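A short write-up of the structure that comes next.
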Amino acid sequence: MAASPVPVQRVDLLPPAPARPRDGHKGTFGKVLLLAGSRGMSGAACLSGVAALRGGAGLVTVASPAGVIPLIASFEPSYLTAPLEEDRDGRVSLEAAPRIMELLSKQTAGACGPGLGQSPDIEELVHLIYRTCALPLVIDADGLNALAARNSPLSRSDAAGPRVLTPHPGEFSRLTKQSLEQIEGRRVDLAVQFAAAHDVVLLLKGPDTVITDGRRLAINATGNSGMATGGCGDVLTGLIAALLGQGMEAFAAAQLGAHLHGLAGDLAAADLSEPGLIASDLLGYLGLAWKRMLKSS
């Protein structure tokens with residue numbers, strides 16, 4: 001990866017939250033599509049969908065394989081669902097591509113990856129969406145695995161719109177072909193270089209989560225070890241997608257999303273303990289995190 005061509009600006013102040021005009025309506029606050037879920041991993045879609053609602057999005061649609069739609073719809077009545085063609089293993093099929101692109105055309109932001117699983121069809125779908133969708137998109141989990149599966153690395157011109165990639169160290173290792181030891185020794189440098197080289201916002205998860213677009217750098221200070229549990233990343237994906245859908249610039253949405261996500265985790269851990277914290281607890285504390293952040297801003 002080439003070094004960042006410009007000096008990196010450290011950003012310590014949080015961006016302002018999206019405006020909430022009194023005369024706003026559902027459309028004012030963004031329309032978000034989440035491509036998520038598969039047989040056995042419907043929970044990821046549920047967590048992302050509710051997190052997008054708690055992030056302030058006006059309308060949220062969860063698009064998933066038809067077989068898991070009843071489970072997802074029963075989890076939360078406030079989001080919409082869109083059933084998609086599926087393969088024999090309950091994962092989204094490539095046959096769903098026209099429907100997915102039609103759904104995306106009606107949104108203001110989207111996200112792709114939580115619980116999708118891995119298959120050649122999903123790899124093709126993710127690359128199609130990455131290359132052709134002009135909306136701001138969050139790519140996480142199996143969306144990142146699909147990007148990493150191709151032998152040819154992403155190029156600066158691949159994305160049709162703003163992209164926020166949210167890998168944990170293992171996913172970043174697959175994207176960069178660097179070992180975990182190399183990544184942990186140079187988290188900030190490698191994140192900045194990757195973001196600059198691929199023209200994306202990169203959010204590298206972990207203690208002191210790194211957020212960078214290759215020109216700016218923020219280190220998130222909220223969060224705790226209780227959040228090292230399955231599903232917490234799915235919550236972050238939905239939250240950032242909601243902020244993008246409300247018109248936030250990609251770096252700002254990733255920075256604010258990481259802060260709120262960690263703050264919800266801190267508030268939850270204060271009540272429930274770090275060992276007792278699970279991902280769905282974050283959903284109940286995101287409202288309190290917003291309240292705490294807005295009060296202090």
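Predicted model only: the values in this text are computed from it and were never measured.
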*Do side-chain atoms of S74 reach the backbone of P70 as a donor and acceptor pair under 3.5 angstrom?*
yes
*To the nearest 0.5 Å, tell me how far L125 CG sits from E95 CD.*
10.5 Å
_Please determine whether side chain to side chain contact (heavy atoms under 4.5 Å, CB included) holds for the pair I219 and V210, giving the CA-CA distance in whole Å, both sets of side-chain angles, and the decisive distance to 0.1 Å._
CA-CA 5 Å; I219 306 295; V210 177; 3.9 Å; yes
*Output the distance between atom CG (L263) and atom OG (S296), rounded to the nearest 0.5 Å.*
8.0 Å
*Taking the side chain as every heavy atom from C-beta outward, state whether L47 and S280 have any pair of such atoms under 4.5 Å apart.*
yes
*Nearest heavy-atom pair of T108 and G245: which atoms, and what distance?*
OG1-O, 3.0 Å
_Could you see if W290 belongs to whatever hydrophobic cluster contains V50? Use Ile, Leu, Val, Met, Phe, Trp, Tyr and a side-chain cutoff under 4.5 Å._
yes
*Start with the C-alpha gap between D266 and T222, add the side-chain angles, then the distance that decides, and say whether side-chain hydrogen bond (donor to acceptor under 3.5 Å, both in side chains) holds.*
CA-CA 7 Å; D266 290 340; T222 59; 5.0 Å; no
*Give the C-alpha distance, both sets of side-chain angles, the deciding distance and a yes or no for side chain to side chain contact (heavy atoms under 4.5 Å, CB included) between V188 and T212.*
CA-CA 9 Å; V188 171; T212 180; over 6 Å; no
*From F172 atom CZ to Q178 atom CD, the distance as rounded to the nearest 0.5 Å*: 8.0 Å
*Would a hydrophobic clustering, with Ile, Leu, Val, Met, Phe, Trp and Tyr connected at side-chain separations under 4.5 Å, put L35 with L165?*
yes
_If we ignore hydrogens and angles and just use 3.5 Å, is the side chain of Q118 paired with the main-chain N or O of N145 as donor and acceptor?_
no
*Counting N and O atoms only, with roles assigned by atom type, does the side chain of K177 sit under 3.5 Å from a partner on the main chain of A148, one being a donor and the other an acceptor?*
yes
*asked:* Any heavy-atom pair between the side chains of V62 and C46 that's under 4.5 Å?
replied: no
*Hey, quick one: are L147 and I183 part of the same hydrophobic cluster, counting side-chain heavy atoms closer than 4.5 Å, chains of contacts allowed?*
yes
*Passes side chain to side chain contact (heavy atoms under 4.5 Å, CB included), L256 versus M293? Steps please.*
CA-CA 10 Å; L256 185 60; M293 191 209 72; 3.2 Å; yes
*Any sub-3.5 Å donor-acceptor pair from D89's side-chain atoms to R91's backbone N or O?*
no
*Can you see which heavy atom on D234 is nearest to which on S48, and at what distance?*
O-OG, 2.9 Å
*More than 12 heavy atoms from other groups under 6.0 Å of CZ on R88*: no
_Gap separating the OG atom of S93 from the CD atom of E124, nearest 0.5 angstrom_ = 11.5 Å
*Which atom of P114 lies closest to which atom of A44, heavy atoms considered*: C-CB, 3.7 Å
*Under a 4.5 Å side-chain heavy-atom rule over Ile, Leu, Val, Met, Phe, Trp and Tyr, are V138 and L260 clustered together?*
no
*Is there a donor-acceptor pair closer than 3.5 Å between any side-chain N or O of R187 and the backbone N or O of L204?*
yes
*Which heavy atom of A160 sits nearest a heavy atom of R131, and at what distance?*
CB-O, 3.1 Å
*Please lay out, stage by stage, how E249 and R216 fare under the test salt bridge (charged side-chain N to carboxylate O under 4.0 Å, His left out).*
CA-CA 13 Å; E249 179 261 337; R216 293 168 289 178; 2.7 Å; yes
*asked:* Can you tell me which residue among D271, T229, N224 is in a side-chain contact (heavy atoms from CB on, under 4.5 Å) with L277?
replied: N224
*Identify the residue among V126, D140, I100 that makes a side-chain contact (heavy atoms from CB on, under 4.5 Å) with C112.*
V126
*asked:* Could you go through T166 and E171, starting from their C-alpha distance and side-chain angles, then the distance that decides it, and tell me whether this counts as side chain to side chain contact (heavy atoms under 4.5 Å, CB included)?
replied: CA-CA 9 Å; T166 58; E171 291 160 344; over 6 Å; no
*Should V164 and L244 count as side-chain neighbours, where that means a heavy-atom distance under 4.5 Å?*
yes
_Just so I know, are the side chains of R20 and Q246 near enough to count as touching, which here means a heavy-atom distance under 4.5 Å?_
yes
*Please name the pair of heavy atoms, one in D281 and one in G276, separated by the smallest distance, quoted to 0.1 Å.*
OD2-O, 3.8 Å
*Going by heavy atoms in the side chains, are Y285 and L272 under 4.5 Å from each other?*
yes
_Heavy-atom pair of closest approach, residues L239 and H261_ = CD2-N, 3.8 Å
*First locate atom CG of L34, then atom CG of L80, and finally report the distance between them rounded to the nearest 0.5 Å.*
11.0 Å
*Ignoring hydrogens and angles, tell me if any N or O in the side chain of T61 forms a donor-acceptor pair with the backbone of L33 under 3.5 Å.*
no
*asked:* Test your reading of the model: is there a side-chain donor-acceptor pair from S38 to the backbone of G115, 3.5 Å cut-off?
replied: yes
_Nearest-0.5 Å distance, CG of residue L217 to CD of residue Q9_ = 10.0 Å
*Is the backbone of L94 close enough, under 3.5 Å, to the side chain of D121 for a donor and an acceptor to pair up by distance?*
yes
_Would the distance check show the side chain of R163 and the main-chain N or O of Y130 forming a donor-acceptor pair, the cut-off being under 3.5 Å?_
yes
*Cluster overlap L286 with L59, hydrophobic side-chain contacts below 4.5 Å*: no
_Sub-4.5 Å side-chain heavy-atom contact between P65 and V92_ = yes
_Using side-chain heavy atoms (C-beta onward) and a distance below 4.5 Å, is F251 in contact with P162?_
no
*Side-chain heavy atoms of V200 within contact of F194, under 4.5 Å*: yes
